[in-house]
Q: 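First, the structure itself, so that you have it in front of you.
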Amino acid sequence: MSEVTKTDAPARPLNFIEEIIEEAIARGETRVHTRFPPEPNGYLHIGHAKSICLNFGLAKRYGGLCNLRFDDTNPVKEDVEYVDSIKEDVRWLGFEWAGEYYASDYFEQLYQWAEQLITKGKAYVDDQTQEQIRTSRGTVTVPGTNSPWRDRTVDENLDLFRRMRAGEFADGDKVLRAKIDMAHPNMLMRDPIMYRILHSEHHRTGDKWCIYPMYDYAHGESDSIERITHSVCTLEFDVHRPLYDWFIAELGIFPSHQYEFARLNLTYTMMSKRKLLQLVQEKVVGGWDDPRMPTICGLRRKGYTPAAVRAFADRVGVAKRDNVIDLGLLEFCVREDLNKVAERRMAVVDPLKVVITNYPENATENITCVNNPEDEAAGVRKVPFSREIYIDRSDFMVDPPKKYYRLSPGAEVRLRYAYLIRCEEVIYDSAGQPIELRCTYDPESKGGGSSDGRKVKGVIHWVSAPHAIEAELRLYDTLFTRENPDDVEEGKTFTDYLNPDSMVAVRALIEPSLASATVGQSFQFERVGYFTPDPDSRPGALVFNRTVGLKDSWGKIAAKE
RNA sequence: UGACCCAUGGUGUAAUGGUAACACAGCAGAUUUUGGUUCUGUCGUUCAAGGUUCGAAUCCUUGUGGGUCAACCA
């Protein structure tokens with residue numbers, strides 16, 4: 001356990017948990033030990049990323065430690081598949097845990113402590129049915145009533161509890177309950193269940209146990225065993241805190257303390273594990289790692305970087321107020337990172353052929369292109385140029401509106417890093433749609449300037465027709481059309497708000513250097529957006545995911561017209 | 001009709017009894033061989049009513065609004 005030392009304090013103000021810690025430091029407490037405690041029953045999402053960044057961030061900032069602990073007290077819902085994915089995601093985010101722990105490692109200790117509570121007269125075996133327990137608990141406004149088994153003797157309780165462990169009873173026959181107060185205003189304190197009988201195989205302990213501790217009984221004690229100083233969880237556990245403290249006090253063990261913060265919500269998506277599972281099971285999405293999912297693996301596949309997610313977690317802040325973060329902030333964070341690190345490439349999403357009539361036939365030249373104007377060290381690359389090229393259909397208009405800087409009949413534009421061209425003739429198909437442009441180029445204008453110093457405002461991207469390679473581009477939009485898909489109108493469900501255009505695949509023509517792109521790389525397709533190769537991508541059958549589009553101020557102006 | 005938590009621009013988050021600010025979004029402009037980036041400017045905020053105080057976003061009271069809790073889930 002290391003001493004508290006403040007390291008790389010960020011410029012931002014302290015959040016309330018950091019304030020609590022700094023007050024403790026001022027009082028002379030010298031240790032910060034946190035933990036990230038997922039139940040291995042599903043994939044991690046962006047909300048978990050906030051918690052991970054908070055817990056690991058606190059440890060890092062104050063020179064402490066952060067554990068990874070799997071809260072695996074319910075064998076029927078958990079699986080090793082999930083522990084593996086959770087570890088992968090935490091590592092991907094850039095964090096390394098001080099220790100890897102499992103609540104199931106503490107089953108024996110937890111059991112011994114339960115016997116201790118029975119011996120103290122603070123716990124009893126209850127024979128009531130689930131239904132009887134539920135009704136006798138009362139409601140939020142009416143007190144509960146005591147179980148007829150509440151006053152069993154210590155010896156009888158001990159005997160029964162041992163026989164529960166020995167497997168003498170069937171699931172649901174008996175439970176162990178804490179003896180607190182059936183009239184307590186806090187429902188959680190009305191003799192909460194500590195153990196239930198579950199003849200079920202556990203992914204780590206196998207069939208060693210047939211009784212399993214409940215969350216409330218296991219969590220605080222697990223924190224205590226690991227000597228966690230700051231047990232950080234989300235707001236809905238606020239009402240559990242008195243119970244958390246009660247067990248620790250009755251047992252007289254290391255006093256970990258719980259602090260609650262507001263979970264993350266994001267517009268146009270949802271964090272409910274149950275609903276995300278439904279989307280996977282009903283094949284609305286391709287899987288947990290579908291790029292439209294708010295899961296960490298989905299964001300990764302979509303091209304989000306760990307740095308972007310961490311920056312996002314830092315910017316959303318930590319407080320106790322319910323919140324819904326604008327998706328725009330997440331997108332800002334990934335653009336901010338990718339703008340600095342992603343190499344630029346040219347890709348034509350919707351190709352329109354252009355023939356440069358005064359350019360020599362069968363000639364090819366290599367145009368020097370800057371890889372990243374934000375990073376000189378990224379260097380340059382050569383891109384082939386020839387008489388026939390493709391430009392994007394949206395970069396040409398027969399009858400352009402005002403302030404349209406791109407190509408139109410008689411107008412001139414700059415081909416990025418190459419020449420100025422002028423549109424001399426438009427060739428139409430039988431439906432009246434332009435299918436080819438005949439242009440002339442200014443041989444003196446290569447790389448910049450022009451033969452006579454004239455200024456040309458428009459710059460468009462291009463690919464050489466004989467050199468370009470084909471690729472599938474998957475263009476993503478929000479999965480839902482509603483800002484808060486959980487907020488459903490009368491008679492509807494969240495699936496009624498699915499966006500039919502959340503994924504659109506197009507065939508594009510891209511520059512040849514992209515043939516060797518590999519999963520994990522990010523590129524900015526100039527003037528289009530950020531893209532990353534999808535795991536489905538194969539040589540000769542390239543697939544790229546759009547991480548996020550570029551900011552599009554022309555699109556905004558055009559939309560207003 | 002219980003206990004607990006929360007309430008600051010459109011969205012988040014600060015201000016810790018002393019000039020309500022920062023980011024994102026929006027708007028306007030400058031720069032730009034990406035209508036990107038960068039830079040500048042700008043719009044706009046303390047749930048209500050009382051009280052304490054020289055002074056309240058902050059403390060107190062009462063409301064109002066939102067949230068959590070009645071799984072042998074976590």
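This structure is a prediction, so every number in the text was calculated from the model and none was measured. Just so we're on the same page: letters track the sequence lines, and every chain starts at 1.
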Q: Applying the 5.5 Å / 30° rule, does A/W554 stack onto the base of B/rG35?
A: yes
Q: As a test of reading the structure: which of B/rG2, B/rG35, B/rC69 is closest to the side chain of A/T141, going by heavy atoms?
A: B/rG2
Q: Could you check whether A/P242 gets within reach of a base, just the sugar-phosphate, or nothing at all, counting any heavy atom under 4.0 Å?
A: nothing
Q: Assign A/H461 to base, sugar-phosphate, or nothing according to its heavy-atom contacts below 4.0 angstrom with the strands shown.
A: nothing
Q: Which label fits B/rA23, syn or anti, where anti is any glycosidic angle not within 90° of 0?
A: anti
Q: With sugar-phosphate meaning primed atoms plus P, OP1 and OP2, does A/E374 contact a base, only sugar-phosphate, or nothing at under 4.0 Å between heavy atoms?
A: base
Q: Establish, yes or no, whether a centroid distance under 6.0 Å links the rings of A/F16 and A/F261.
A: no
Q: Given the C1' atoms of B/rC43 and B/rU38, what is the spacing between them in whole Å?
A: 22 Å
Q: Given B/rA70, B/rU34, B/rG36, identify the nucleotide with an atom nearest to the side chain of A/K551.
A: B/rG36
Q: Counting the atoms with a prime plus P, OP1 and OP2 as sugar-phosphate, which does A/R406 contact under 4.0 Å by heavy atoms, base, sugar-phosphate, or nothing?
A: base
Q: The side chain of A/N15 lies closest to which of these nucleotides: B/rA14, B/rU34, B/rG35?
A: B/rA14
Q: In whole Å, what is the span from the CZ atom of A/R263 to the P atom of B/rG67?
A: 15 Å
Q: Verify the contact: side-chain N or O of A/R196 to OP1 or OP2 of B/rA74, cut-off strictly under 4.0 Å; return yes or no.
A: yes
Q: What nucleotide, of B/rC73, B/rG35, B/rC4, holds the atom closest to the side chain of A/D238?
A: B/rC4
Q: Base, sugar-phosphate or nothing for A/T129? Non-hydrogen atoms, less than 4.0 Å.
A: base
Q: How is A/Y404 classified with respect to the nucleic acid when contacts are heavy atoms under 4.0 Å: base, sugar-phosphate, or nothing?
A: base
Q: Given the P atoms of B/rU31 and B/rC39, what is the spacing between them in whole Å?
A: 16 Å
Q: Under 4.0 angstrom, heavy atoms only, what part of the nucleic acid is A/Q130 near: base, sugar-phosphate, or nothing?
A: base
Q: Just checking, any donor-acceptor pair under 3.5 angstrom between side chains of A/R345 and A/N371?
A: yes
Q: From the set B/rA70, B/rC24, B/rG35, return the single nucleotide nearest to any side-chain atom of A/V140.
A: B/rA70
Q: Categorize A/K340 for me: base, sugar-phosphate, or nothing, with a 4.0 angstrom heavy-atom threshold over every strand shown.
A: nothing
Q: For A/E260, report the nucleic acid contact type (base, sugar-phosphate, nothing); a contact means any heavy atom under 4.0 Å.
A: nothing
Q: Have a look at A/W462 and tell me which of A/Y419, A/Y441, A/F385 forms a ring pair (Phe, Tyr, Trp, His ring centres under 6.0 Å) with it.
A: A/F385
Q: Are A/D191 and A/R137 close enough for a salt bridge, meaning some N to O gap below 4.0 Å?
A: no
Q: Would you kindly check whether a donor in the side chain of A/R335 faces an acceptor in the base of B/rU37, or vice versa, at under 3.5 angstrom?
A: no
Q: For A/S553 and A/V318, take the nucleotide of RNA chain B holding the closest heavy atom to each; which residue's nucleotide lies nearer the 5' end?
A: A/V318
Q: Measure from the side chain of A/R134, starting at C-beta and using heavy atoms only, and say which of B/rC69, B/rA71, B/rG35 lies closest.
A: B/rA71
Q: Quote, to the nearest angstrom, the C1' distance that separates B/rC6 from B/rG44.
A: 24 Å
Q: Just N and O in the side chain of A/K556: are any of them under 4.0 Å from OP1 or OP2 of B/rC27?
A: yes
Q: Would A/Y530 and A/F525 count as a close aromatic pair, with their ring centres under 6.0 Å?
A: no
Q: Of all the nucleotides listed (B/rA74, B/rU11, B/rC4), which has the minimum atom distance to the side chain of A/D326?
A: B/rU11
Q: Ring centroids only, cut at 6.0 angstrom: are A/Y217 and A/F247 within range, meaning strictly under it?
A: yes
Q: With a 3.5 angstrom cut-off on both distances, give the Watson-Crick or G-U wobble partner of B/rU53, or none if there isn't one.
A: none
Q: So which nucleotide does B/rC4 pair with, by the Watson-Crick or G-U wobble rule with both distances under 3.5 Å?
A: B/rG67
Q: Between B/rC5, B/rU13, B/rU37, which nucleotide has the shortest distance from any of its atoms to the side chain of A/K320?
A: B/rC5
Q: So A/F332, base contact, sugar-phosphate only, or nothing? Heavy-atom distance under 4.0 Å.
A: sugar-phosphate
Q: Pick base, sugar-phosphate or nothing for A/E131, based on heavy-atom distances below 4.0 Å to the nucleic acid.
A: nothing
Q: Between B/rA14 and B/rU68, how far is it from one C1' atom to the other, in whole Å?
A: 26 Å
Q: What interatomic distance, in whole Å, is found between P of B/rA7 and the corresponding atom of B/rU13?
A: 9 Å
Q: Of A/V316 and A/I460, whose nearest nucleotide on RNA chain B comes first from the 5' end?
A: A/V316
Q: Does A/T139 reach a base, just sugar-phosphate, or nothing at all? Heavy atoms under 4.0 Å.
A: base
Q: Write down the distance separating the P atoms in B/rA48 and B/rG9, rounded off to the nearest Å.
A: 10 Å
Q: Looking at A/Y244 versus A/F237, is the centre-to-centre ring distance below 6.0 Å?
A: no
Q: Supply the atom-to-atom distance A/I228 CD1 to A/D223 CG, rounded to the nearest 0.5 angstrom.
A: 5.5 Å
Q: A/R137 side chain: which of B/rC72, B/rC73, B/rG12 is closest?
A: B/rC72
Q: Give me the distance, rounded to whole Å, that separates B/rA74 from B/rG36 when you measure between the C1' atoms they each carry.
A: 45 Å
Q: Return the nearest nucleotide to the side chain of A/N323; candidates are B/rG12, B/rC69, B/rU34.
A: B/rG12
Q: Is the gap between the ring centers of A/Y43 and A/Y82 under 6.0 Å?
A: yes
Q: Taking the P atom in each of B/rA15 and B/rG50, what is the distance between them to the nearest angstrom?
A: 28 Å
Q: Does A/R315 have a side-chain nitrogen or oxygen under 4.0 Å from the phosphate oxygens OP1 or OP2 of B/rA14?
A: no
Q: What does A/T73 touch in the nucleic acid at a heavy-atom separation under 4.0 angstrom: a base, only the sugar-phosphate, or nothing?
A: sugar-phosphate
Q: Looking for any heavy atom pair under 4.0 Å, which part of the strands does A/V456 touch: base, sugar-phosphate only, or nothing?
A: nothing
